[in-house]
Each structure stands twice: as structure tokens, then as C-alpha cells.
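Notes to accompany the following structure.
Not measured: the values here are computed from a predicted model. The analysis underlying the following values was restricted to heavy atoms, covering all of them including side chains, and did not include hydrogens, waters or symmetry mates. Residue numbers start at 1 and run along the sequence shown.
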Amino acid sequence: LHIINLNVILSGKQFHLIEGMSMQQVCLVTGGTSGIGRATAYIMAKLGYTVVVVGRNNHKCMTTVAAIKNKTGNQSVDYLVADLSFQKDIHTLVDCFNNKYTRLDVLINNVGTISWSKELTYDGIEMTFALNHLSYFLLTNLLLNVLISSGASRIVNVSSVAHRRAVIDINDIKNPVNYKAFKAYGESKLANLLFTYEMARRLKSTDVTVNALHPGVIATNLLGNGKVPLGWLTRPILRSMFALVGQSVTKGAEKVVY
């Protein structure tokens, strides 16, 4: 990559704009209304990208976009509302995106959850696998044509070291008989990696780069954003635990941006 002498200083780190980068390059971030996703959207907006935040709550999307515009001065920040555990919503999201934009330079698959008890989506698929992996898989494939046509685009899949001990039983993952939360999470993160490797292989003849990353242990609401037994009590405890041991969301986002 040819790097010009233009540095953007964010959180004490230097990010470089790639030579020839248009200020109209488009970046779509899923799970963009909180945690790593929100921090990533902020940095990408600061770098001059047109940023499209995807979230399932309209109010959170509106307030997130307003805050990013206010803090960065970049008015090219937009949002689309979709529940990415619901495959019909993913199709609708893609239709809405294609109606508004003609290019996509960066797709950041970031949305994620841990469902503490077995929960099936509207499509009859276990929630953690549906949101953490199938949303990546379906959204990426539906946006593949616009990614390829946009030139040197990137697909960034947020995974986790939780994949290391995972073994996927393809016959059991859709609706597990013996559900365990961290097992399901690890399997979904392993699926992210396998998907990344295979997409990179299939797209080798194009200008699309496919990467996966582990953002670190980050102080997000990951452990408390699913259905939790006695949620009024356990959610604050889980948030406090991550806040004590985790790095800031900005640190996680810097790795995504890098």
C-alpha cells in the first residue's frame, strides 16, 4: 500500500489514509450502536469515510449517528435498522443499502452476542450461531457484488480467541440438544474464521481483502446483552466484571480499524 504523509491522531495512535482514498468511500458497521462497533464507526467517520451504522433499535441508531456527527464533524454518517438474527431483515437491509449507495469499500461484521440459555430465532436457529456467524455469512454474500465492483474493498470479521477449543458438529449447531453458552459462542467464532479463510480463497482473483481478528478482552456489554437469568441482578454484575478486566472499547476498535 502506498501511504501518504497524512496522519490522523486518534487516542494516541496514528492512522494513515491510503493514497487516493476518496472521502466518499463507504464503510458499513454492524452492531454499530454500542461497544466496539460504535467506537469503530466513530474512528472511521473521523478518518473521512461515509459510515453506515447498523443496529436493531431505531432510537439508539439515531442517537449514535447524531453523536458521531457532532464529535467528528463528518456529516456523512447514516444508519439502517435491522435485527440481524432475522434473515428476512438481512435481505431488507441489503435492499435498503443498495437503494442508497452504489459502492461499499469496507464491510465490518461486528455484531455479536452470547445467549445464556438456549434461544431460537424466528428462523428456528440457535441465537448465538444465527447472529454471530450466519449474519456475517448472509450479509457478506448478499453484498459481495457491490464489494467487488468497488475495487480494493475489505471485509473485516470480528472473531475471538474463544474459537481455539471449539469443535463444530454441523448436525447439532442449528438447534443443539445439549446447549452450553460458551460452547455455542466458541463454535460461532470458529465459524467466523473458517468463513474468512474460505472467502479469502474464493476472492483471491479479486481486489477484495478478507480479514478476521480478535479484538482482545474488551469492556463491552457482550455478556449481558442476551437473555440472562435474573437479568436485573446479573446484567450489572456481568458488566462490572468486564469493566474490571477488559480494555476500553476504543482499544478494541483500533484493532478493527488497523
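Annotation for Val53 and Ile68: closest pair CG2-CD1, 4.5 Å, computed over non-hydrogen atoms. Residues Asn110 and Thr30 come closest through the heavy atom pair N-OG1, 2.8 Å. The two residues Arg56 and Val81 come nearest to each other via the heavy atoms O-CG1, 3.7 Å. The shortest non-hydrogen separation linking Ala253 to Ile43 is CB-CD1, 4.0 Å. The minimum heavy-atom distance between Leu203 and Ile148, with the atom names listed, is CD2-CD1, 4.1 Å.
Checking Thr128 against Glu126 by side-chain atom types alone, a donor-acceptor pair falls below 3.5 Å. Under 3.5 Å, the side chains of Asn178 and Lys183 contain no donor-acceptor pair of N or O atoms. Side-chain contact, Arg38 with Thr64: a donor N or O sits under 3.5 Å from an acceptor N or O.
Surrounding CG of Asn145 are at most 12 heavy atoms belonging to other residues, nucleotides or ligands under 6.0 Å away.
Side chain of Lys46 to main chain of Thr72: no donor-acceptor pair is present (N/O by atom type, distance under 3.5 Å, no hydrogens or angles). For Lys118 (side chain) and Pro176 (main-chain N/O), a donor-acceptor pair under 3.5 Å exists by modelled atom type. Here the side chain of Asn74 pairs a donor or acceptor atom with the backbone of Tyr49 at under 3.5 angstrom. Using a distance-only test at 3.5 Å, with no hydrogens or angles considered, a donor-acceptor pair links the side chain of Thr63 to the main chain of Lys60. Checking side-chain atoms of Ser159 against main-chain N and O of His214 turns up no donor-acceptor pair under 3.5 Å. Ser135 contributes no side-chain N or O that, together with a main-chain N or O of Asn132, makes up a donor-acceptor pair within less than 3.5 Å. The backbone N or O of Asn157 sits nowhere less than 3.5 Å from a side-chain atom of Asn109 that would complete a donor-acceptor pair. Without hydrogens or angle criteria, Tyr42 side chain to Ala67 main chain gives no donor-acceptor distance under 3.5 Å. Looking at Lys189, its side chain does come within 3.5 Å of a backbone N or O of Val158 through a donor-acceptor pair.
Interatomic distance, NE2 of His133 versus CG of Leu194, reported as 8.0 Å (0.5 Å rounding). How far CD1 of Ile90 is from CG of Leu143: 10.0 Å, rounded to the nearest 0.5 Å. Atoms CE and CG, on Met44 and Leu28 in that order, are 11.0 Å from each other to the nearest 0.5 Å. Taken to the nearest 0.5 Å, the CD1 atom of Ile108 stands 10.5 Å off from the OH atom of Tyr136. Distance check: Tyr79 OH to Asn58 CG gives 4.0 Å after rounding to the nearest 0.5 Å. To the nearest 0.5 Å, atoms CG (Asn211) and CZ (Arg154) are separated by 6.0 Å.
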| field | Test side chain to side chain contact (heavy atoms under 4.5 Å, CB included) applied to Leu190 and Ile168, step by step | value | CA-CA 8 Å; Leu190 176 57; Ile168 295 175; 3.9 Å; yes
| query | Between Asp89 and Leu84, is a side chain to side chain contact (heavy atoms under 4.5 Å, CB included) present by the stated rule, with each step listed? | reply | CA-CA 6 Å; Asp89 265 24; Leu84 298 184; 5.6 Å; no
| query | Yes or no on side chain to side chain contact (heavy atoms under 4.5 Å, CB included) for Val256 and Leu213, after CA distance, side-chain angles and deciding distance? | reply | CA-CA 7 Å; Val256 178; Leu213 68 119; 3.9 Å; yes
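The aromatic rings of Phe195 and Phe137 are tilted relative to each other, their planes meeting at an angle between 30° and 60°.
Checked against a 6.0 Å centroid threshold, the rings of Phe182 and Trp116 count as neighbours.
Taking 4.0 Å as the cut-off between side-chain N and carboxylate O, Asp78 and Lys100 count as a salt-bridged pair.
With a 4.5 Å cut-off on side-chain heavy atoms, Ile125 and Phe129 count as touching.
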